[in-house]
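Take a look at the structure set out below.
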Amino acid sequence: MTNTTSLSKNAALAPEADRPFDRKGLVQMALLGLLLLLPVAAYFLGHIYYVNLASRITIIAMAAVGLNLAIGYGGMVSFGHAAYFGLGGYVAGISAYHAFDMTPFMTWPFSVPGSDNLLVIWLAAMLLCGLLALIIGAISLRTTGVYFIMITLAFAQMIYYFANSWPTYGGEDGLPIYIRNTLPLFNNNMLDSSDALTYFLICFTGLVLAMAITSRMMKSRFGAALTMARLNDVRLATAGISPYPIRLVAFVISAAITGLAGALYADLNGFVSPTMLSWHFSGELMVIVILGGVGRLYGPLAGAVLFVMMETFLGGVTQYWQLFLGLVLLGVVLFAKHGVMGWLAGRERNE
């Protein structure tokens, strides 16, 4: 009897993270399950608008997953992630533009044609965003604090004004996408992304993979080094590991994830414009990360759901919906410092 009581007490005192069906796990499963099941139900009931709304939530959440990797896990407060989101969107738009006109994007030193293949577009978006982040990060990561924030913002604004003054691809008016891209399958079959549910499932799979990669990376030795670089970079350096390359690699991966989300977003809307590159969107991504929970794996998803729902439904009632968003954000900062996920799932062991 004594042994049984002792075992019960030990089980009750065991950390929540070690339990197979703890509160955190149930909240995460419920969040993902609802995001998957509700659009499927809406599709079969004929409410295509809500399926597209779920796709938008999923894409914005993916972009926030990328920013959360930089801010939440790496301590790099980037105010320029809209640059990668917009660049990914322009890769999709420009590729579709040349595929529709059947003209090459460039002819020297070699010919680069347009493409309506989603795999090609996604790969190009991630590579270009990663390369841009490598250049920006190599410069900005030599600074800290407000200087890092302002340098990332400055680079993003330069790219914004460049796109705004590029008349070939619409300039400030934006670039319409006249064709819907396809995804190659087995036996030379092509998956048409014009179907709302099909595209949602593509976006949902991308979000799950982005979170899985982030989770796996943070559980590795690289993730431990990145966490220590955020907490105490001097101690990391004394252990023989330079914080600079660790942060730079995380920054590049973060940008690649956000760039992929931008490519998906442009294909969803059938349109890309400089507003995707604006600092306003960088601010929205940061708000989403804070709302959901900085450094929480599912925080970007919870924050994206809350943000998009408020924007959609409150925005349909009043043009001053940002006032209510501000009140919610203020409440989170004051009373739920670990965001919506911290409030729903409880504190984690390292908090």
Side-chain angles (χ1 to χ4, degrees), residues 35-36 39-40 43 48 51-66 81 83-106 111-133 163 169-170 174-214 252-273 276-277 301 304:
L35 180 63
L36 177 61
V40 172
Y43 178 82
I48 304 301
V51 181
N52 291 328
L53 182 63
S55 297
R56 182 167 182 264
I57 291 173
T58 305
I59 293 170
I60 296 298
M62 187 192 303
V65 167
H81 260 56
Y84 314 118
F85 188 80
L87 178 59
Y90 268 96
V91 168
I94 292 173
S95 180
Y97 172 84
H98 288 284
F100 180 77
D101 282 357
M102 291 184 289
T103 57
F105 170 69
M106 56 183 290
S111 178
V112 178
S115 176
D116 62 350
N117 188 321
L118 282 173
L119 293 180
V120 173
I121 293 171
W122 295 344
L123 180 61
M126 294 178 71
L127 288 176
L128 288 175
C129 289
L131 179 60
L132 178 64
Y169 299 114
L175 178 66
I177 299 176
Y178 295 110
I179 60 174
R180 198 63 186 259
N181 298 314
T182 56
L183 183 65
L185 298 175
F186 300 105
N187 299 324
N188 295 323
N189 294 320
M190 304 296 286
L191 183 65
D192 187 7
S193 62
S194 60
D195 181 72
L197 181 60
T198 300
Y199 198 71
F200 165 74
L201 293 175
I202 292 173
C203 297
F204 182 82
T205 303
L207 173 63
V208 172
L209 287 176
M211 291 195 298
I213 291 171
T214 302
V252 169
I253 296 174
S254 166
I257 294 173
T258 304
L260 175 58
L264 290 169
Y265 193 76
D267 206 31
L268 173 67
N269 293 330
F271 183 77
V272 58
S273 71
M276 291 179 64
L277 295 155
L301 176 54

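- The shortest side-chain heavy-atom distance between L183 and T198 does not fall under the 4.5 Å cut-off.
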Show the atom names and distances, to 0.1 Å, of all donor-acceptor pairs under 3.5 Å that link a side chain in residues 113-122 to residues at least two apart or in another chain.
residue, atom, partner, partner atom, Å
S115, OG, N117, N, 3.1
N117, OD1, L119, N, 2.9

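- Identified under the salt bridge (charged side-chain N to carboxylate O under 4.0 Å, His left out) test for residues 88-101, with sequence neighbours left out: none.
- S194 is linked by a side-chain contact (heavy atoms from CB on, under 4.5 Å) to R180, D192, counting only residues two or more places apart in sequence or in another chain.
- Annotation: M106, atom CE; neighbour count of heavy atoms from other residues, nucleotides and ligands within 6.0 Å is above 12.
- Under the side-chain contact (heavy atoms from CB on, under 4.5 Å) criterion, A99 pairs with I179, not counting sequence neighbours.
- Once rounded to the nearest 0.5 Å, the distance linking OG1 of T58 with CG of L36 reads 9.0 Å.
- For A304, the side-chain contact (heavy atoms from CB on, under 4.5 Å) test picks out I57, I60, A61, I288, with sequence neighbours left out.
- Across every non-hydrogen atom of I177 and A96, the tightest pair is CG2-CB, 3.5 Å.
- For the ring-ring contact (aromatic ring centres under 6.0 Å, His included) test, residues two or more places apart in sequence or in another chain that qualify with Y169 are Y97, H98, W166.
- Residues forming a side chain to side chain donor-acceptor pair (under 3.5 Å) with S55 (at least two apart in sequence, or on another chain): none.
- Applying the ring-ring contact (aromatic ring centres under 6.0 Å, His included) test to F204 and every residue at least two apart in sequence or in another chain returns F200.
- Under the side-chain contact (heavy atoms from CB on, under 4.5 Å) criterion, L132 pairs with Y84, L87, I136, I159, sequence neighbours left out.
- Between F271 and L175, the closest side-chain pair of non-hydrogen atoms is not below 4.5 Å.
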Could you list the donor-acceptor pairs under 3.5 angstrom formed between side-chain atoms of residues 254-270 and any protein atom two or more places apart in sequence or on another chain?
residue, atom, partner, partner atom, Å
S254, OG, G66, O, 2.3
S254, OG, H81, NE2, 2.7
T258, OG1, A63, O, 3.3
T258, OG1, S254, O, 3.1
Y265, OH, R56, NE, 3.3
D267, OD1, N181, ND2, 3.2

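- Considering only residues two or more places apart in sequence or on other chains, T214 meets the side chain to side chain donor-acceptor pair (under 3.5 Å) condition with none of them.
- Separation of atoms OG (S273) and OH (Y90) is listed at 6.0 Å; rounding is to 0.5 Å.
- Rounding to the nearest 0.5 angstrom, the gap separating the CG atom in L128 from the CG atom in L123 is 9.0 Å.
- The shortest non-hydrogen separation linking I48 to A196 is CG2-CB, 3.6 Å.
- In this structure the side chain of L207 never reaches within 4.5 angstrom of the side chain of I59, judged on heavy atoms.
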